[in-house]
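The next block holds one structure in the form of structure tokens; read it before the comments.
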Amino acid sequence: MPLDRTSAFYEENAETYAKRVRSLPKQLHAFLAGLAPGAAILELGCGGGQDSAYMLAHGFDVMPTDGSTELARQAEALIGRPVRVMLFQELDADSAFDGVWAHASLLHVPRSELPDVFARIRRALRTGGIIHATFKAGEAEGHDGFGRYYNYPSADGLLALLTKGGWRDITIEENDGGGYDGEPTRWITVMAHR
């Protein structure tokens with residue numbers, strides 16, 4: 001399974017990864033602006049917990065999750081509350097959240113499992129709920145220099161997947177940036193409503 005090396009990377013490098021200098025994603029403000037004060041947010045792949053900490057500090061009801069036990073531990077130390085250890089494929093909520101924040105996390109889901117994961121996220125959102133997700137752009141699945149698996153989708157492929165999945169008000173943007181590996185990266189940002 002492609003996630004084995006990915007999981008091992010995050011377990012073995014959790015402290016370094018969580019404590020790296022990192023700016024808040026610029027899209028976080030736009031995401032929160034689309035939600036009511038105190039809205040319920042599910043963060044999928046919270047990493048070191050910086051985004052959850054910001055959302056909590058601004059009065060949102062956040063449920064942070066991560067697939068790595070060690071990263072969850074790092075996030076708990078930062079935010080002072082439990083982080084649920086959960087794989088995306090284990091999400092089993094129904095109309096429980098107003099927003100799902102999945103910044104640089106769903107990019108590790110095997111391509112063949114993305115339709116199911118997006119269906120689970122859609123089911124977890126209340127009607128009108130918003131998802132934010134970012135991906136590293138590409139055409140074929142692969143691994144980075146650390147051995148982490150990426151699904152590397154195209155913007156057109158994501159649009160087709162979300163449209164088929166019943167999402168509405170889909171916006172997709174592309175921009176250049178970087179990542180933990182220090183390599184230039186073409187990022188795809190997705191926002192859509194249930």
Side-chain angles (χ1 to χ4, degrees), residues 1-15 17-18 25 31 35 39-53 55-56 60-136 141 143-144 146-153 157-158 161-162 164-167 180 188 190-194:
M1 181 166 156
L3 294 183
D4 287 347
R5 288 192 294 170
T6 305
S7 297
F9 170 84
Y10 290 113
E11 290 297 325
E12 293 164 11
N13 298 282
E15 186 171 0
Y17 186 82
F31 172 75
L35 296 170
I41 300 171
L42 171 65
E43 183 173 10
L44 293 173
C46 72
Q50 295 92 340
D51 297 355
S52 278
M55 292 186 277
L56 286 164
F60 291 93
D61 177 16
V62 183
M63 180 178 154
T65 69
D66 202 276
S68 163
T69 303
E70 291 302 318
L71 268 179
R73 194 170 291 141
Q74 294 292 322
E76 286 173 350
L78 176 69
I79 63 177
R81 66 168 19 187
V83 171
R84 181 174 173 196
V85 177
M86 178 189 83
L87 299 177
F88 310 122
Q89 297 85 342
E90 296 171 332
L91 177 59
D92 193 24
D94 192 354
S95 301
F97 302 98
D98 302 299
V100 171
W101 180 255
H103 191 78
S105 59
L106 298 180
L107 41 66
H108 293 310
V109 175
R111 277 192 179 196
S112 62
E113 296 176 28
L114 266 176
D116 175 64
V117 168
F118 270 113
R120 288 173 180 274
I121 293 168
R122 190 169 180 275
R123 189 168 50 249
L125 283 168
R126 296 180 178 123
T127 301
I130 306 170
I131 182 175
H132 160 93
T134 55
F135 297 84
K136 290 185 176 188
E141 302 171 90
H143 294 81
D144 71 1
F146 293 112
R148 298 177 297 175
Y149 167 85
Y150 287 90
N151 46 35
Y152 294 121
L158 283 171
L161 174 67
L162 292 167
K164 185 176 179 182
W167 293 89
Y180 183 77
I188 301 173
V190 172
M191 292 238 337
H193 290 79
R194 174 178 173 173

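Only a predicted model underlies this, so the values are computations on that prediction, with no experimental measurement involved. Every heavy atom of this structure was used, including side-chain atoms; hydrogens, water molecules and symmetry mates were not.
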Can you give each donor-acceptor pair under 3.5 Å made by side-chain atoms of residues 41-53, sequence neighbours left out, with the distance rounded to 0.1 Å?
from  : atom 1 : to     : atom 2 : distance (Å)
Glu43 : OE1    : Ser52  : N      : 3.2
Glu43 : OE1    : Ser52  : OG     : 2.5
Gln50 : NE2    : Ala18  : O      : 2.8
Asp51 : OD1    : Arg22  : NH1    : 2.8
Asp51 : OD1    : Arg22  : NH2    : 3.2
Asp51 : OD2    : Arg22  : NH2    : 3.0
Asp51 : OD2    : Trp101 : NE1    : 2.9

### Query
Of the non-hydrogen atoms in Leu107 and Phe135, which two are nearest, and what is the gap between them?
CA-CD2, 3.8 Å
#### Entry: Spacing of CZ belonging to Phe31 relative to NE2 belonging to His132, to within rounding of 0.5 Å
8.0 Å
### Close side-chain approach of Asp66 and Tyr10, heavy atoms under 4.5 Å
no
#### Entry: Atom pair CG/OG1 of Leu87 and Thr65 - distance to nearest 0.5 Å
9.5 Å
#### Entry: Shortest non-hydrogen contact from Thr6 toward His108
CG2-ND1, 3.7 Å
### Summary
In terms of heavy-atom contacts, Arg122 and Gly165 come closest through CD-O, 3.4 Å
### Task
Any chance you could measure Arg120, atom CZ, to Phe118, atom CZ, to the nearest 0.5 Å?
14.0 Å
### Task
For the pair Asp94 and Arg123, find out whether any cationic side-chain nitrogen is under 4.0 Å from an anionic carboxylate oxygen.
no
### Message
Does Glu15, at its CD atom, have more than 12 non-hydrogen atoms belonging to other residues, nucleotides or ligands within less than 6.0 Å?
### Response
no
#### Entry: Heavy-atom donor-acceptor pair, Arg5 side chain to Tyr149 backbone, under 3.5 Å
no
### Query
Considering all heavy atoms of both residues, which atom of Arg126 and which atom of Ala40 are nearest to each other, and what is their separation?
NH1-CB, 3.9 Å
### Query
Hey, what do you get for NE2 (His193) to CG (Leu125), rounding to the nearest 0.5 Å?
9.5 Å
#### Entry: Shortest non-hydrogen separation from Pro110 to Gln89 and the atoms involved
CD-NE2, 4.1 Å
### Task
Just say parallel, tilted or perpendicular for the rings of Tyr180 and Phe9, cut-offs at 30° and 60°.
perpendicular
### Query
Hey, what do you get for OH (Tyr152) to NE2 (His143), rounding to the nearest 0.5 Å?
9.0 Å
#### Entry: Distance-minimising heavy-atom pair for Val85 and Ala72
CG2-CB, 3.7 Å
### Query
From Ile121 CD1 over to Leu106 CG, what is the distance, rounded to the nearest 0.5 angstrom?
4.5 Å
### Message
Taking the side chain as everything from C-beta on, heavy atoms only, tell me whether Ser95 gets closer than 4.5 Å to Thr127.
### Response
no
### Query
Got Asn151 and Val109 here, is their nearest side-chain heavy-atom distance under 4.5 Å?
yes
### Query
Judged by atom type as modelled, is there a donor-acceptor pair below 3.5 Å linking the side chain of Thr134 to the main-chain atoms of Ala104?
yes
### Task
Sequence neighbours left out, what pairs pass side-chain hydrogen bond (donor to acceptor under 3.5 Å, both in side chains) with at least one residue falling in residues 69-79?
Glu70-Arg73
### Heavy-atom donor-acceptor pair, Asp144 side chain to Arg148 backbone, under 3.5 Å
yes
